[in-house]
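Since the structure comes first, as structure tokens, the remarks are kept for the end.
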Amino acid sequence: MTTAPDDVRQRTFTWSDPAAIASTGAGLSGAEFFAAIAAGEIPPPPIMRALDMDSASFGEGTAAFRLTPQEFHYNPLGTVHGGVFATLLDSACGCSVHTLLPAGVFYTSLDLSVKFLRPVTVATGPITAEGNVVHLGRRTALAEGRITDAAGKVYVTATSSCLIMRPGQS
């Protein structure tokens with residue numbers, strides 16, 4: 001089966017230099033970094049443009065991202081691909097940890113466990129991925145997240161462990 005020309009969709013987007021974003025953020029605490037992104041002083045990272053995500057909010061130990069499901073998020077079954085949810089929740093959980101870190105201290109995700117509860121389609125409307133820090137230690141952090149719709153219905157949950165990297169720590 002071939003696709004008729006009328007069925008072809010196209011999407012283009014732009015993004016800012018990720019090295020410049022990282023360089024600018026290196027001298028800021030996590031809270032300062034996300035405040036600068038929210039204020040438009042630092043451009044969002046490329047993944048936000050690629051998936052058409054919006055930052056909803058950043059607080060002490062919390063981060064939230066919004067996404068309005070689009071066809072380009074779909075898997076072959078006609079629902080939003082699980083990788084989109086994993087990316088949203090990895091971002092929300094990781095950024096919630098980052099909001100608590102001082103300048104010069106970084107993190108990386110160690111793992112992400114995602115539970116898919118129900119499908120999301122364009123008809124679902126905007127969804128929000130919220131991450132919250134459960135524990136912040138010297139070397140590791142644990143965060144949990146969930147994706148909900150505007151009515152608060154839960155679609156996906158996750159837990160994430162992050163490795164905290166401090167200067168001089170090996």
Side-chain angles (χ1 to χ4, degrees), residues 1-18 21-22 25 30 33-40 42-100 107-135 141-162:
M1 181 172 120
T2 59
T3 304
D6 290 343
D7 291 335
V8 175
R9 313 290 204 275
Q10 182 175 333
R11 178 173 179 262
T12 59
F13 60 94
T14 60
W15 64 92
S16 298
D17 178 5
I21 296 168
F33 179 64
F34 292 116
I37 288 176
I42 297 176
I47 190 64
M48 289 183 67
R49 300 284 174 106
L51 289 182
D52 201 22
M53 300 166 41
D54 294 316
S55 57
S57 65
F58 301 102
E60 188 173 328
T62 65
F65 295 92
R66 274 190 310 266
L67 180 134
T68 299
Q70 304 294 321
E71 284 183 342
F72 62 83
H73 295 125
Y74 276 16
N75 60 28
L77 302 175
T79 61
V80 174
H81 191 281
V84 173
F85 300 135
T87 301
L88 281 167
L89 287 165
D90 184 54
S91 297
C93 289
C95 290
S96 71
V97 169
H98 195 172
T99 66
L100 298 176
Y107 78 95
T108 189
S109 297
L110 286 172
D111 64 26
L112 181 71
S113 176
V114 182
K115 304 295 185 214
F116 306 100
L117 306 177
R118 54 181 49 92
V120 172
T121 66
V122 169
T124 304
I127 55 175
T128 302
E130 298 175 280
N132 298 287
V133 174
V134 174
H135 171 76
L142 176 66
E144 59 188 10
R146 59 179 33 204
I147 293 176
T148 57
D149 65 11
K153 183 187 285 187
V154 179
Y155 287 79
V156 186
T157 64
T159 56
S160 174
S161 300
C162 295

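Heavy atoms only: backbone and side chains are in, while hydrogens, waters and symmetry mates are out. For clarity, every value in this text was computed on a predicted model and none was experimentally measured.
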Considering all heavy atoms, the nearest Pro69-Gly125 contact: CD-O, 3.0 Å
Interatomic distance, Glu130 atom CD to Ser57 atom OG [nearest 0.5 angstrom]: 7.0 Å
Rounded distance [0.5 Å steps], OG1 in Thr124 versus CG in Leu67: 11.0 Å
Qualifying side-chain hydrogen bond (donor to acceptor under 3.5 Å, both in side chains) pairs with a residue from residues 145-158, counting only residues at least two apart or across chains: Asp149-Tyr155
Pairwise ring-ring contact (aromatic ring centres under 6.0 Å, His included) hits with a residue in residues 48-91, at least two apart: Phe34-Phe58, Phe58-Phe65
Side-chain (Gln70) to main-chain (Thr68) donor-acceptor, under 3.5 angstrom: yes
Nearest-0.5 Å distance, CG of residue Leu100 to SG of residue Cys162: 11.0 Å
Pairs flagged by salt bridge (charged side-chain N to carboxylate O under 4.0 Å, His left out) wherever residues 81-95 is involved - sequence neighbours left out: none
For the student: nearest non-hydrogen atoms of Pro119 and Thr79, plus distance: CB-CG2, 3.9 Å
Main-chain N/O of Asn132 paired with Thr62 side-chain donor or acceptor, under 3.5 Å: no
Of all pairs that satisfy salt bridge (charged side-chain N to carboxylate O under 4.0 Å, His left out), the ones with a partner from residues 53-73, not counting sequence neighbours: Arg9-Glu71
Close side-chain approach of Ile21 and Pro43, heavy atoms under 4.5 Å: yes
Qualifying salt bridge (charged side-chain N to carboxylate O under 4.0 Å, His left out) pairs, either residue in residues 116-129, two or more places apart: none
Residue pair His98 / Tyr107: nearest heavy atoms and the distance that separates them: CB-CE2, 3.6 Å
Qualifying residues under side-chain contact (heavy atoms from CB on, under 4.5 Å), relative to Asp111, sequence neighbours excluded: Ser161
Leu89 side chain reached by Ser160 side chain, heavy atoms, under 4.5 Å: no
Glu144 versus Cys93, closest heavy-atom pair with distance: C-SG, 3.6 Å
Candidate list Val154, Leu88, Val114, Leu117, test side-chain contact (heavy atoms from CB on, under 4.5 Å), partner Ile147, passing option: Leu88
